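So the structure is just underneath, and the comments pick up after that.
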There are 2 protein chains.
Amino acid sequence: MQRYSFDTVDYQILQELKADARKSAAEIARKLGLNERTVRNRIDRIVEAGAARLTCIVDPAYFGYVITADIFLEVDYEQEQAVINALLAIPAVSYLAFGQGTQDLSIEVRFKNNEQLREFLRSVLPAIPGVHVKGYALVPRILRNIDEWMPPAEEFIEE
Amino acid sequence: MQRYSFDTVDYQILQELKADARKSAAEIARKLGLNERTVRNRIDRIVEAGAARLTCIVDPAYFGYVITADIFLEVDYEQEQAVINALLAIPAVSYLAFGQGTQDLSIEVRFKNNEQLREFLRSVLPAIPGVHVKGYALVPRILRNIDEWMPPAEEFIEE
DNA sequence: GCTGAAAATTATGCATT
DNA sequence: AATGCATAATTTTCAGC
């Protein structure tokens, strides 16, 4: 990947879009002292290159999904893909990653209350063939999420 | 929270914005068979209520940050806030959450190679007063992130 | 809370450097 | 890759329902 390199102008534009993805190119241009067309070209290039995407993040807490838990699973190798598909089909699953071993999966789930979480741990997960719950941890508070991540400013260099 | 409730129209608009946060209100209106003004009003309401935010997500892999690790920490209680501030100031830290115990923190970090991760585990983290590394796990692949999360459709009801 | 119409702003296509 | 210009599309403002 990384076919194109981006400079500090791109970095500033990304920061503006991070604050508000719908900010008009004209407004960004005024703020950064650039030409509107330049800003639009840059945004198009960034998005088309796949370096960033402009999206909408729903706040789980606003909708009452205040319970977050990390669950660690062991998965029978032969049924791995079926398990992954089953898990991704569950709306409560907000994160799914492979662990280090080929058998390890970790997921993050969101629920409205502890009863839903208990039900999920006791009934929903065990009902998926090939899944074994190794453990879980409640996550009381999240202070930063991946969507806030940016490469360090040094990555954006003048050519 | 949850002062307002949203309906299926809001749900559809959120899905459109998820695909492209810069999609024009006019285009969304055409696609969903709504009035442009209605779409803009809905978007404003959603964002002002804090139910969702329109933002830009940078792809770590594009910038070469291909190493992801989850690190589990134990933190001396008296220095908790200082530790959190120190961790949040580190760009590599893409996720930070409290664990179940008052002393537990878990973080996710992004690096370009294993050497940077080793350096972080061996030198950077131990240099923060009050931090003890309990363990870590490499995350080979992430299949879903929180930014893709949506409440189940049933949450969006007609009034 | 939805919609209409005019005015202001912004985006697009094409062309030039 | 950046920008100027003309045209098209969109958003905003102010209103009524």
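Because only heavy atoms are used, hydrogens play no part in the values below, and waters and symmetry mates are left out as well, while side chains stay in. Note that this is a predicted model, so its numbers are computed, not measured.
In this structure, NZ on A/K31 lies 4.0 Å from CD on A/E16, to the nearest 0.5 angstrom.
The distance from atom CG of B/D44 to atom C1' of C/dC2 is 14 Å, rounded to the nearest whole Å. D/dT3 atom C1' lies 8 Å from atom CZ of A/R37, rounded to whole Å. Whole-Å rounding puts the B/E36 CD to C/dT9 P distance at 18 Å. Rounding to whole angstrom units, NZ of residue B/K31 and C1' of D/dT10 are separated by 18 Å. Between the CD atom of B/E27 and the C1' atom of D/dT11 there is a distance of 15 Å, rounded to whole Å. For the pair B/I43 CD1 and D/dT10 P, the computed distance is 13 Å after rounding to whole Å. Atom CG of A/N41 is separated from atom P of C/dT16 by 17 Å (rounded to the nearest Å). For the pair A/R22 CZ and C/dT9 C1', the interatomic distance rounds to 15 Å; values are reported in whole Å.
Taking only side-chain atoms of B/A25, from C-beta outward, the nucleotide of D/dT11, C/dC2, D/dA2 with the closest atom is D/dT11. The side chain of A/R42 lies closest to D/dA2, out of D/dT11, D/dA2, D/dG4. Side-chain proximity of B/T38 to the nucleotides D/dT3, C/dC2, D/dT10 is greatest for C/dC2.
Between A/R40 and the phosphate of C/dT10, there is no side-chain N or O to OP1/OP2 separation shorter than 4.0 Å. Between B/N35 and C/dG4, a side-chain N or O to OP1/OP2 separation shorter than 4.0 Å is present.
The two residues B/P129 and B/V83 make their nearest non-hydrogen contact at O-CG2, 3.4 Å.
Without hydrogens or angle criteria, A/R42 side chain to A/V9 main chain gives no donor-acceptor distance under 3.5 Å.
The only member of B/Y95, B/Y62, B/Y65, B/F63 that meets ring-ring contact (aromatic ring centres under 6.0 Å, His included) when paired with A/W149 is B/Y65.
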